[in-house]
Amino acid sequence: MVRPDSRSTCKYIFVTGGVVSSLGKGIASATIGCLLESHGLKVANQKFDPYLNVDPGTMSPFQHGEVFVTDDGAETDLDLGHYERFTGATLSRLNNVTTGQIYSTVIEKERRGEYLGKTVQVVPHVTDEIKSRVYKLASLGYDVVITEIGGTVGDIESLPFLEAIRQVPYDVGRANVLYVHLTLVPYIRAAGELKTKPTQHSVKEMREIGIQPDVLLCRTEHHFGDDVRDKIALFCNVATDSVFQGEDVDDVYKIPLSYHAQGLDTLLMRKLNYEVTGEPDLEGWHKLAERMKAMNGGTVRIGFVGKYINLQDAYKSVYEALRHAGYTLGVNVEIVKIEAEELPPDELRELLREMDGILIPGGFGTRGIEGKITAAGMAREAGIPYFGICLGMQVAVVEFARNVCALAGAQSTEIDSDSPHPVIDIMAEQKSIDTMGGTMRLGAYECQLKPGTEAHKAYGRDLISERHRHRYEVNNKYLPQMNEAGLVVSGVNERTGLVEMIELPDHPWFVGCQFHPEFKSKPLAPHPLFLGFVNAAKERMKAKQG
Ligand code: GLN
């Protein structure tokens, strides 16, 4: 029998989704975290993903979107990005659990003989393993753990997770558990009506597996009145004050205040038996809303040269980080997505010349690489602000080696293992690894910044820590030559001697980093490098306007 520590006072919220996918369960869960935190509670968001991959690290962005990396080096679902952006929590591998992880643990235990000769089954062994992941997180001293169950009610693969969360009240007491269900109330244009039936069906499906939702968050394109709310409450067995509307908004960061205005935070507090003492601290979110209204600094255009630009979610955190910087600087950031491999170099240059800044994000593999090198060269020569993240820094180094240091054929060995000048090369300890999952340089590493550089100016500190996800590195053998030609190494990891940041001094803003700063940017605390970059782009935009 799995139980939380008997001293634990943690409470549990489980967020499920019904009717259709893509309703924004991740944002809804993050919002719940944000609102409870504003009442002074210590919260942790957690995501259950019902697929058999151990983590999304081995999945193509076409399948999954961005892989979000935590400080402790876990490759996780992009919903963890929402959780970190909406709350103050720093998450770890405990915050993302997949079916793959659950089954590998159960099978390992079986092989070790830990089940003492029993038949190993989905109930109770798999469900116990799932619950133990919730209780483990709870044991870290949180007031509330908010667990989102991926997928939609009715999916075969999420059944063990739903059965596990159904059992939680038995372990911890019903008063310490809340079930929040996110549904859709579609508008049927031909009838001119909002329809509650899909919500009724979805709740019925939840009840069939033994879970009666306490709170309904209803996504809707149109505001609905008391009549619709009453109908939902009556037929779904919930109190009228527990039916909330998730109306479409033009910016996800407006959602916490929208639910607060409907009283979601006080209802959750009351239902969890917490006393509400005074107003919640939502000052940062109110200020952000004001800033959004007052965006009068114009629009900066960022040329975004990537491989998966047709996918909305592949570079989620980078897009978000650009917007965060935009709010603070009072500018709209327009992201002009450019498929590097499709354009002839001259056309690409012409297009990029129009931009106020050029950003090359992380990436893997050969496709579009020469286009990216051309883009980095264009930024360098034309004095266009440039931000190279991970692969984006590597291509900037390759371009500099080829065209400034005259190292013909310079390349990363990821692209050309026979390059005469492997200026980006695989780390010695990576060479012997032949498995794919979790084997990159992952998670937080320190970086010492060089005083007087743009990097140091942006952070205002000597020592920083940022998250990594890569295999290849700047080849230090070429550093003397490249330094001589003007490339400045502005950040290094002192323990390993690995290059973390580079920049070009005689340029408005040309910065590359081997790490992924986007993972640590928040709407209420934009990342310093994104601020530096968008600010340089803003200067260029203003200069162009004369
Ligand atoms: N493919 C490069 C490497 O593995 C860059 C990785 C990235 O951009 N995340 O080093």
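Note that the structure is predicted; figures quoted are calculated from it, not measured. Order of listing sets the numbers, starting from 1, for every ligand and every atom in it. Heads up: numbering here begins at 1 and tracks the sequence. These values consider heavy atoms only, across backbone and side chains, with no hydrogens, waters or symmetry-generated copies.
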Could you find the nearest protein heavy atom to atom 7 (C) of ligand 1 and give me its residue, atom name and distance? C390 SG, 2.9 Å
Is a side-chain N or O of R402 found less than 3.5 angstrom from the main chain of A410, in a donor-acceptor match? yes
How close does the nearest protein non-hydrogen atom get to atom 9 (N) of ligand 1, and which residue and atom is it? R469 O, 2.9 Å
So for H470 against ligand 1, with non-hydrogen atoms under 4.0 Å, the contacting part is both
Checking a contact table here: which protein heavy atom is nearest atom 10 (O) of ligand 1, and how many Å away? Y472 N, 2.8 Å
Take every heavy atom of Q394, measure it against each atom of ligand 1, and state whether any distance is under 4.0 Å. yes
For atom 4 (O) of ligand 1, grab the closest protein heavy atom and report residue, atom and distance to one decimal in Å. R471 N, 2.9 Å
Taking the six-membered ring for Trp, are Y319 and F304 ring centroids under 6.0 Å apart? yes
Name the orientation class of the two ring planes belonging to H468 and H470 (parallel below 30°, tilted from 30 to 60°, perpendicular beyond 60°). tilted
Looking only at the aromatic ring of each residue, does the gap between the centers of H324 and F530 stay below 6.0 angstrom? no
Taking the six-membered ring for Trp, is the centroid-to-centroid distance between F533 and Y386 below 6.0 Å? no
Contact atoms of ligand 1, heavy-atom distance to E414 under 4.0 Å: 1 (N), 2 (C), 3 (C)
Could you find the nearest protein heavy atom to atom 8 (O) of ligand 1 and give me its residue, atom name and distance? G363 N, 2.8 Å
Counting only nitrogen or oxygen atoms and a 3.5 angstrom limit, does Q514 reach ligand 1? no
Geometry only, no angles: is G362 polar-contacting ligand 1 at N/O separations under 3.5 Å? no
Aromatic ring proximity Y445/F515, centre distance under 6.0 Å: no
Please work out, at 4.0 Å between heavy atoms, whether the side chain, the backbone, both, or neither of H516 comes within that distance of ligand 1. side chain
Is the Y459-H527 ring centre distance short of 6.0 angstrom? yes
How many angstroms lie between atom OG1 of T16 and atom CD1 of I165, to the nearest 0.5 angstrom? 6.0 Å
Checking heavy atoms under 4.0 Å, the part of E473 that sits near ligand 1 is neither
L391-ligand 1 polar pair, N/O distance under 3.5 Å: yes
Is it true that, when you exclude K337 itself, more than 12 heavy atoms of the residues, nucleotides or ligands shown sit nearer than 6.0 Å to its NZ? yes
